[in-house]
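Quick notes on the structure that follows.
Side chains are part of it too, since the values below use all heavy atoms of this structure and drop only hydrogens, waters and symmetry mates. Chain identifiers are assigned alphabetically (A, B, ...) following the order of the sequence lines, protein sequences preceding nucleic acid strands; residue numbering begins at 1 within each chain.
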There are 2 protein chains.
Amino acid sequence: MQSARVLSIGEFSRLTHLSVRTLRRYHDAGLLEPARVDAASGYRYYTGEQIPTAQVIHRLRELDVPLTDVQRILRSSDPGTRAALVADHLHRLESGLERTRAAVASLRRLLQPEPAAVDVELRRVPATTVAAVEDDVQLRDVLGWYAGAMAELDAVVPEPAGVPGGVYENELFETGRGHVLVHLPVAGPPSSGRVHPVTLPAVELAVTTHVGTHDDIDVTYGELGAWVVEHLLAVAGPVRETYLVGPRDTADPAAWRTEIGWPVFQVAPA
Amino acid sequence: MQSARVLSIGEFSRLTHLSVRTLRRYHDAGLLEPARVDAASGYRYYTGEQIPTAQVIHRLRELDVPLTDVQRILRSSDPGTRAALVADHLHRLESGLERTRAAVASLRRLLQPEPAAVDVELRRVPATTVAAVEDDVQLRDVLGWYAGAMAELDAVVPEPAGVPGGVYENELFETGRGHVLVHLPVAGPPSSGRVHPVTLPAVELAVTTHVGTHDDIDVTYGELGAWVVEHLLAVAGPVRETYLVGPRDTADPAAWRTEIGWPVFQVAPA
DNA sequence: TCTGCACCCTCCCCCCGGGGGAGGGTGCAG
DNA sequence: CTGCACCCTCCCCCGGGGGGAGGGTGCAGA
């Protein structure tokens with residue numbers, strides 16, 4: 001073990017392709033402690049054994065893993081835990097990729113030279129009592145939450161009287177967190193687990209139908225919003241979505257049909 | 001045209017799913033000017049026509065397009081130019097994806113429980129004169145630059161006396177920008193365009209061979225570096241790579257063989 | 001017409017993960 | 001012993017937001 005050979009921060013930088021500044025930052029963050037720090041001068045000294053660690057950090061950073069998570073990964077002595085943490089981040093990367101794909105799809109539709117005319121209907125909806133699951137969720141967790149809630153609803157409501165729907169508080173889109181409710185219409189809604197009866201109030205809805213995956217549903221939202229504004233209406237409450245045709249019905253996303261209803265009320269002309 | 005209906009920033013926020021703060025920021029950045037700003041109160045007022053613009057911004061931001069570039073895209077009135085700018089960013093996204101893929105591959109190798117023993121040889125190399133192309137480049141542009149330089153070399157040196165190589169200044173890896181040289185050995189190197197004769201100085205090299213794509217070549221660099229350190233050597237100059245088997249020879253990346261040579265010199269023991 | 005309240009304003013500080021540069025101390029080779 | 005490359009700390013900057021303070025505004029109900 002003659003590796004008592006000690007490396008200055010500059011040498012270590014050349015060997016690891018991490019900048020000197022970055023190495024100092026990793027030291028401060030407790031991520032990569034130098035093998036020795038001279039008490040008098042403050043000089044940092046590294047050893048060859050630290051190169052693999054530095055490389056792992058480098059790679060994790062390339063994958064945009066936050067420094068705190070990198071630290072967690074390095075600290076976990078158990079290889080199984082470590083692998084799990086890494087796999088977790090790789091999943092995160094994948095879902096990020098999915099969002100990117102969706103954004104690209106949506107952008108393509110937005111940049112269409114001639115957007116299709118939007119078909120909006122004004123509809124008065126009476127109060128309805130449904131079987132519902134509701135919660136406060138983060139915007140990015142909505143899909144996962146929805147899947148779980150829907151599964152629970154399906155288990156408790158074997159024979160729904162119609163298609164499922166969702167109610168989304170505007171705050172969800174403004175601040176990234178908000179109240180969400182998913183429901184199935186049924187006569188005499190049960191109470192079981194998270195499922196309970198909820199009465200949706202009567203409202204006047206501006207309704208349009210989005211066709212296809214939800215990748216570019218925001219564009220339809222925008223078209224609906226523009227229509228609402230031009231018809232001297234204002235938004236009065238949480239959005240309602242109705243899943244006329246969804247993944248429960250067909251695996252072909254192009255066939256999906258989602259009704260979007262925005263509660264509105266008349267506004268005096270300017 | 002009854003869309004004189006004017007929207008407060010809060011209403012506009014609800015319609016576009018952009019936070020109020022973010023809308024204000026976009027105003028300050030000149031990205032999305034409100035239709036009207038009340039001189040007395042400073043209140044921002046928007047119209048329905050601005051919704052699509054806000055959505056385009058939203059999507060581009062989801063794709064991590066910097067605000068300045070978003071502005072460029074919005075300002076370009078010509079749809080062709082606009083499409084080109086967007087396509088440019090999509091290409092950028094793709095190459096980012098490529099880098100992510102490479103980082104994942106490299107990480108997998110790094111987290112192997114038992115790393116393969118590295119096979120390093122100390123080799124004295126005499127001064128050689130070669131046909132070369134050199135330049136100062138950004139680290140991220142190296143691959144593209146290399147392809148162009150190599151094509152030029154191939155055109156001017158029809159019958160090389162050996163395999164191609166590269167010389168990379170350490171600064172390239174430290175600061176992301178540095179001097180790069182690519183060369184082909186040939187008797188009597190010509191001068192033509194960017195191609196010119198260069199004499200590589202004699203050095204002592206610590207040499208190892210990396211097998212496979214360059215995705216995880218940094219790991220081999222690290223192993224070589226650790227070996228160098230443990231053998232009481234220090235790095236003395238720019239790295240030399242020799243492409244024994246590369247994309248010129250076979251399309252199968254698994255068969256590629258790259259020799260990495262780090263100039264070294266002896267160091268006194270601690 | 002008043003009052004209450006939701007809404008809006010600006011301003012400042014914080015986050016992350018780095019880079020630039022100033023100003024000053026250190027280690028080592030010639 | 002001197003010069004110079006190297007190293008140190010400290011502060012400010014970037015982008016793209018978020019949190020919150022402190023104060024002005026618009027409008028609906030009484």
Side-chain angles (χ1 to χ4, degrees), chain A residues 6-14 17-32 34 36-46 57-71 138-140 170-171 173-177 234-236 265-268 270, chain B residues 6-14 17-32 34 36-46 57-71 138-140 170-171 173-177 234-236 265-268 270:
Chain A
V6 146
L7 301 165
S8 73
I9 196 170
E11 289 179 292
F12 195 70
S13 160
R14 278 186 283 280
H17 296 169
L18 288 165
S19 80
V20 169
R21 302 193 79 93
T22 301
L23 287 173
R24 285 202 274 251
R25 178 177 312 274
Y26 290 171
H27 177 199
D28 293 346
L31 254 182
L32 185 61
R36 191 171 70 79
V37 178
D38 187 293
S41 67
Y43 277 31
R44 295 166 178 87
Y45 294 101
Y46 297 83
I57 299 176
H58 199 170
R59 279 306 169 293
L60 291 172
R61 283 301 305 137
E62 279 184 3
L63 298 176
D64 276 331
V65 177
L67 288 187
T68 53
D69 295 22
V70 172
Q71 188 165 30
Q138 298 279 113
L139 181 53
R140 63 167 170 279
N170 287 313
E171 201 186 3
F173 305 108
E174 288 168 37
T175 68
R177 176 175 193 86
V235 171
F265 64 92
Q266 196 73 35
V267 162
Chain B
V6 145
L7 301 164
S8 73
I9 196 170
E11 287 179 293
F12 196 71
S13 159
R14 277 185 284 281
H17 298 169
L18 288 165
S19 79
V20 169
R21 302 193 78 93
T22 301
L23 287 173
R24 285 201 274 252
R25 178 177 313 274
Y26 290 171
H27 176 198
D28 293 345
L31 254 182
L32 184 62
R36 190 171 70 79
V37 178
D38 187 294
S41 68
Y43 277 32
R44 295 166 178 85
Y45 295 101
Y46 297 82
I57 299 176
H58 199 171
R59 279 306 169 292
L60 290 173
R61 283 301 305 137
E62 278 184 4
L63 299 176
D64 276 331
V65 176
L67 288 187
T68 54
D69 294 23
V70 172
Q71 189 164 29
Q138 298 279 112
L139 182 53
R140 62 169 171 280
N170 286 314
E171 202 186 3
F173 305 108
E174 289 169 36
T175 68
R177 177 175 193 85
V235 171
F265 63 94
Q266 196 72 36
V267 162

Under 3.5 Å, which N/O atoms of the protein pair with N/O atoms of nucleotides 23-25 of chain C?
from    : atom 1 : to       : atom 2 : distance (Å)
dG25(C) : N2     : Tyr43(A) : OH     : 2.6

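Surrounding CZ of Arg36(B) are more than 12 heavy atoms belonging to other residues, nucleotides or ligands, all under 6.0 Å away.
Looking at residues two or more places apart in sequence or on another chain, you find a side chain to side chain contact (heavy atoms under 4.5 Å, CB included) between Ala236(B) and Pro263(B), Phe265(B). Listed by chain and number, the residues in a side chain to side chain contact (heavy atoms under 4.5 Å, CB included) with Leu23(B) are Ile9(B), Phe12(B), Ser13(B), Leu18(B), Leu32(B), Tyr46(B) (sequence neighbours excluded). Partners of Gln138(A) by side chain to side chain donor-acceptor pair (under 3.5 Å), not counting sequence neighbours, listed by chain and number: Arg177(A). For Glu174(B), the side chain to side chain donor-acceptor pair (under 3.5 Å) test picks out no residue, with sequence neighbours left out. Partners of Phe173(B) under the ring pair (Phe, Tyr, Trp, His ring centres under 6.0 Å) rule, at least two apart in sequence or in another chain, are His17(A). In this view, Ser8(B) satisfies the side chain to side chain donor-acceptor pair (under 3.5 Å) rule with no residue, not counting sequence neighbours. Scanning for side chain to side chain contact (heavy atoms under 4.5 Å, CB included) contacts around Arg21(A) gives Ser19(A), with sequence neighbours left out. Looking at residues two or more places apart in sequence or on another chain, you find a side chain to side chain donor-acceptor pair (under 3.5 Å) between Glu11(B) and Arg5(B). Applying the salt bridge (charged side-chain N to carboxylate O under 4.0 Å, His left out) criterion to Asp69(B), with sequence neighbours excluded, gives Arg72(B).
Counting only heavy atoms from C-beta outward, the side chains of Val20(B) and Arg24(B) approach each other to under 4.5 Å. Side chains of Val37(A) and His27(A) form a contact here, defined as non-hydrogen atoms less than 4.5 Å apart.
Asp64(B) has its CG atom 15 Å from the P atom of dG17(C), to the nearest Å. Going from atom CG of Asn170(B) over to atom C1' of dA5(D) covers 15 Å, rounded to whole Å. Computed from coordinates, the Tyr45(B) OH to dC27(D) C1' distance equals 11 Å when rounded to whole Å. Note: CG (Asp69(B)) to C1' (dG16(D)) measures 14 Å, nearest angstrom. One interatomic measurement links the two molecules: CZ of Arg61(A) to C1' of dG18(C), which rounds to 9 Å at whole-angstrom precision. Going from atom CZ of Arg177(B) over to atom C1' of dG19(C) covers 15 Å, rounded to whole Å. Counting to the nearest Å, the C1' atom of dC9(C) and the CD1 atom of Ile9(B) are 10 Å from each other. The interatomic distance linking Arg36(B) (CZ) with dC9(C) (P) rounds to 12 Å, in whole Å.
Among dG18(C), dT9(D), dC7(D), the nucleotide with an atom closest to any side-chain atom of Arg44(A) is dT9(D).
The 5' end of DNA chain C is approached more closely, in terms of each residue's nearest nucleotide, by Arg14(B) than by the other of Arg14(B) and Pro66(A). With DNA chain C read from its 5' end, the first of the two nearest nucleotides for Glu174(B) and Gly42(B) is the one closest to Gly42(B).
Within the 4.0 Å cut-off from OP1 or OP2 of dC8(C), at least one side-chain nitrogen or oxygen of Ser8(B) is found.
Residues of residues 17-28 of chain A having a heavy atom closer than 4.0 Å to DNA chain D, listed by number: Arg24(A).
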Review point. Reading DNA chain D 5' to 3', how would its secondary structure be written in dot-bracket notation, given Watson-Crick and G-U pairs with both distances under 3.5 Å, brackets [ ] for crossing pairs and | for partners on other strands?
Key: ||||||||||||||||||||||||||||||
